[in-house]
Each structure stands twice: as C-alpha cells, then as structure tokens.
Novice: 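First the structure, then my questions, so here it is.
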Amino acid sequence: CNTVAQQHQLQAINYTGFTATFPLAYAATPGVSLQGPPSVELRDGQTLPITVTLTPNICPAPIDGISATVTITGDGF
C-alpha cells in the first residue's frame, strides 16, 4: 500500500482580461485525499504554479486507477 503523500506541480493561467481571485475545487477517487490552496489571485496573463498534495489512502488492485481533478472557476469567468 502506498499511503505516502505525493506533491504535484500544476499551472494556473488567467486569460480573462482582468485581475481576479479564483476558487479551487478538489475531487479525487474515494479513499484518496487531494489538497491544495483554496483560491489563487491572478492578474490577466499571469501564470502561477500551484502545488497540490495527493495522498492515496487505499490499496487499489493493479487494474484500478486513481482519478483526481482540480477545477478553477470564479468571478463570473
């Protein structure tokens, strides 16, 4: 069983034309923890690295997989 936390680097990019604060939502396979910052503030055209932590608290069979999603929305965009 691999229950060791794994850090993953993602990139958030703002192409809205405005500076805005964007909330982040995290979802993962049941039994898996996915955590990161609750929101990011980005200027138009800015790219910002985001570190998320994925912790598998399950022992999937070799044919099973883990799914994780980070969704960024907000400020009407």
Side-chain angles (χ1 to χ4, degrees):
C1 267
N2 182 1
T3 58
V4 177
Q6 308 164 24
Q7 290 195 333
H8 297 275
Q9 218 36 36
L10 307 175
Q11 299 288 323
I13 305 170
N14 179 4
Y15 291 122
T16 65
F18 303 94
T19 296
T21 299
F22 300 93
L24 283 74
Y26 301 91
T29 301
V32 176
S33 170
L34 181 64
Q35 299 176 321
S39 64
V40 292
E41 183 175 344
L42 297 165
R43 296 182 312 276
D44 181 48
Q46 180 182 9
T47 300
L48 182 70
I50 299 170
T51 301
V52 297
T53 302
L54 178 84
T55 307
N57 299 314
I58 56 174
C59 298
I63 60 169
D64 291 340
I66 291 175
S67 176
T69 305
V70 178
T71 304
I72 302 176
T73 58
D75 280 359
F77 304 107

Novice: With sequence neighbours left out, write down each residue that passes side-chain hydrogen bond (donor to acceptor under 3.5 Å, both in side chains) with T51, or none if nothing qualifies.
Specialist: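 Listed in chain order: Q9.
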Novice: When you measure from the side chain of Y26 to the backbone of P37, do you find a donor-acceptor pair of N or O atoms at a distance under 3.5 Å?
Specialist: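 Yes; judged by distance alone, with no hydrogens or angles, the pair exists.
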Novice: Report yes or no: does T21 contribute a side-chain atom to a donor-acceptor pair with the main-chain N or O of E41 at less than 3.5 Å?
Specialist: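 No.
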Novice: Ignoring hydrogens, what is the shortest heavy-atom contact between S39 and P23? Give both atom names and the distance.
Specialist: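 That would be CB-CA, 3.9 Å.
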Novice: Taking only residues two or more places apart in sequence or in another chain, which ones pass side chain to side chain contact (heavy atoms under 4.5 Å, CB included) with A27?
Specialist: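 Listed in chain order: nothing, the list is empty.
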Novice: What's the spacing between L24 CG and I72 CD1 if we round to 0.5 Å?
Specialist: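 L24 atom CG to I72 atom CD1 measures 4.5 Å (nearest 0.5 Å).
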Novice: So which heavy atom on A20 is nearest to which on N14, and how close?
Specialist: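 Heavy atoms only, the tightest pair is N-ND2, 4.2 Å.
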Novice: Return the CG to OG1 distance between D44 and T16, rounded to the nearest 0.5 Å.
Specialist: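 The distance works out to 5.5 Å.
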Novice: Using the side chain to side chain contact (heavy atoms under 4.5 Å, CB included) criterion, which residues pair with T47? Sequence neighbours excluded.
Specialist: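 Side chain to side chain contact (heavy atoms under 4.5 Å, CB included) check on T47 returns Q11, I13.
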Novice: Rounded to the nearest 0.5 Å, what separates atom OG1 in T53 from atom CD in Q6?
Specialist: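 Output value for this atom pair is 9.5 Å.
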Novice: Could you point out which residue of T55, N57, L54 forms a side chain to side chain contact (heavy atoms under 4.5 Å, CB included) with V32?
Specialist: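 With V32 as partner, side chain to side chain contact (heavy atoms under 4.5 Å, CB included) holds for just one option, L54.
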Novice: Among all residues two or more places apart in sequence or in another chain, which pass the side-chain hydrogen bond (donor to acceptor under 3.5 Å, both in side chains) test with Q7?
Specialist: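 None.
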Novice: Could I get the full list of side chain to side chain contact (heavy atoms under 4.5 Å, CB included) partners for Q46, not counting sequence neighbours?
Specialist: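 So Q46 forms a side chain to side chain contact (heavy atoms under 4.5 Å, CB included) with L42, R43, L48.
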Novice: Answer whether the closest heavy-atom distance between the side chains of Q35 and S33 falls below 4.5 Å.
Specialist: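 Side-chain contact under 4.5 Å: yes.
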